[in-house]
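Worksheet for the structure shown next.
Model, not experiment: these values are computed from the prediction. Here is the naming used below: chain letters follow the sequence lines, and residue numbers restart at 1 for every chain.
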2 protein chains.
Amino acid sequence: MRRPTAPGLDRQRLLAAAFEVLEKDGLEGLSMRRLAAHLGVQAPAIYWHVNDKAELLGMMARDIYAAAYAAVPAARDWREWLSLFGQALRQSFSSHRDGARLCAQAQPPATADPASHAHRIAGELMALGLDQQTALMFQAAVISYALGWSAFEANGPMHQFLDTLMGFDDNYRIGLDAMVAGFPSPSW
Amino acid sequence: MRRPTAPGLDRQRLLAAAFEVLEKDGLEGLSMRRLAAHLGVQAPAIYWHVNDKAELLGMMARDIYAAAYAAVPAARDWREWLSLFGQALRQSFSSHRDGARLCAQAQPPATADPASHAHRIAGELMALGLDQQTALMFQAAVISYALGWSAFEANGPMHQFLDTLMGFDDNYRIGLDAMVAGFPSPSW
DNA sequence: ACCTGAACACCGTTCAAGT
DNA sequence: ACCTGAACACCGTTCAAGT
């Protein structure tokens, strides 16, 4: 439990420790003070490496999204890619305790060059035939659904029904598949 | 600003005041102490009428959902109803500051009789030809998307792009229409 | 029955001061 | 450059005591 304060902090160790605390204590338990204690350090030390808690949460969210993008296997068309991406997202959200709730409330760090960032995240879909604008729109819709599903999963009074009827994963797929199938094909 | 403590608290006045504080100070500003001050009362007084803050947030979420259900106009088929419901939800979320974020993290009060509750919320769709299980599944998907969209709207680095390209409402409709169009028709 | 006063165990963040 | 100690202005919640 005691970290002997080790080499010295940096953003990497901070981030890794933050995920450990998240796993152990959940999103409400992830306080700057607990994080500091987990690192064997005083709370204000964290502020040398990070501006505030929001920035830390943003970095965590960025990593969760990045893991999802990295996990999407090769696809033969854009619909398949979106479907796989939707599944990878859900997987990545649920691979950390409160992952979706974290992403829903954290603001990933604003990228320095938004244009190149947009190109990077839309790249796969563009290679499969979508123009960038359409790629971003469809991707935004899938992300929204994935995000909302995980939030909704835990909190609706429908909860009892959905899992007894089919299981959450199957229910998730229904909405995802419907959305992906329903996206209009580009018109050229 | 001063409430002369008026008649005396009850759940109704509490809820109304909570929405006022939400509008003024946002979700992070909605503390039990601020709510109490807004009512001209000490913080512990609230705990006579409500078990804890989670219960209060749950009641607020319930009201936001209820407003959406009430706002859905008559529809001629279940796809149209789901589309109108999706729009009403987004409307209801954005009619209160941080409405979606509140609903994403609040747990609406568990209903005493889940079966009759399910029947009530699925009723419209069943009248339009869906069985209850399908109605609940499709509804859950639409709610998830609406919830996730509002959360995503404010926080992605895609943010800049989405609104300059089309406007958020149009982008929202694209995913919603795709999902509703893509739901499979019942097979009889 | 309904509310206050005082307290407990926490928060995020700042800032002087240490090394 | 990097961290500590001490403090500020908050939290949610409990509980005895008042009326």
- Task: Send over the distance from B/D52 CG to D/dC11 P, rounded to a whole Å.
- Result: 17 Å
- Query: According to the Watson-Crick and G-U wobble definitions, with both distances under 3.5 Å, which nucleotide is paired to D/dT19?
  - Reply: C/dA1
- Message: What verdict does the salt bridge (charged side-chain N to carboxylate O under 4.0 Å, His left out) test give for A/R101 and A/E28, after you've listed the backbone C-alpha separation in whole Å, the side-chain angles of each residue and the deciding distance to 0.1 Å?
- Response: CA-CA 11 Å; A/R101 276 172 59 218; A/E28 355 289 335; 2.5 Å; yes
- Could you check how far CE of B/M32 sits from P of C/dC3, rounded to whole Å? 14 Å
- D/dC11 phosphate, OP1 or OP2, under 4.0 Å from B/R34 side-chain N/O: yes
- Cation-aromatic face contact B/R90/B/Y172, 6.0 Å, 45 degrees: yes
- Between B/R33 and A/Y47, who's closer to the 5' end of DNA chain C by nearest nucleotide? B/R33
- Please state how far atom CG in A/L14 lies from atom P in D/dC2, giving the value in whole angstrom units. 13 Å
- Item | salt_bridge(A/R11, A/E55) N-O dist < 4.0 Å | yes
- Between D/dT14 (C1') and B/N51 (CG): distance, integer Å: 13 Å
- Gap between atoms CG and P, on A/L56 and C/dG12 respectively (whole Å): 10 Å
- Using the rule that two of Ile, Leu, Val, Met, Phe, Trp, Tyr join whenever any of their side-chain heavy atoms come within less than 4.5 Å, decide whether B/L30 and B/M59 are in one cluster. yes
- Message: My understanding is that a pair needs two contacts under 3.5 Å, Watson-Crick or G-U wobble. By that rule, which nucleotide pairs with C/dT14?
- Response: D/dA6
- Rounded to whole Å, the CD1-P distance (B/I46 to C/dA1) equals 20 Å
- Query: Taking atom P in both C/dA9 and D/dA9, what distance in whole Å separates the two?
  - Reply: 22 Å
- Query: Taking CG from B/L39 and P from C/dT4, how many angstroms apart are they, rounded to a whole number?
  - Reply: 10 Å
- Message: For the CZ atom of A/F138 and the CE atom of A/M179, what is their distance to the nearest 0.5 Å?
- Response: 10.5 Å
- Can you tell me if the side-chain N/O atoms of B/H49 get under 4.0 Å from OP1 or OP2 in C/dA1? no
- Query: Within this structure, what is the CH2-to-P distance between A/W48 and C/dA16, rounded to whole angstrom?
  - Reply: 14 Å
- Task: Report the nucleotide, chosen from D/dC3, D/dC15, C/dT13, that has the shortest atom-to-atom distance to any side-chain atom of B/P44.
- Result: D/dC15
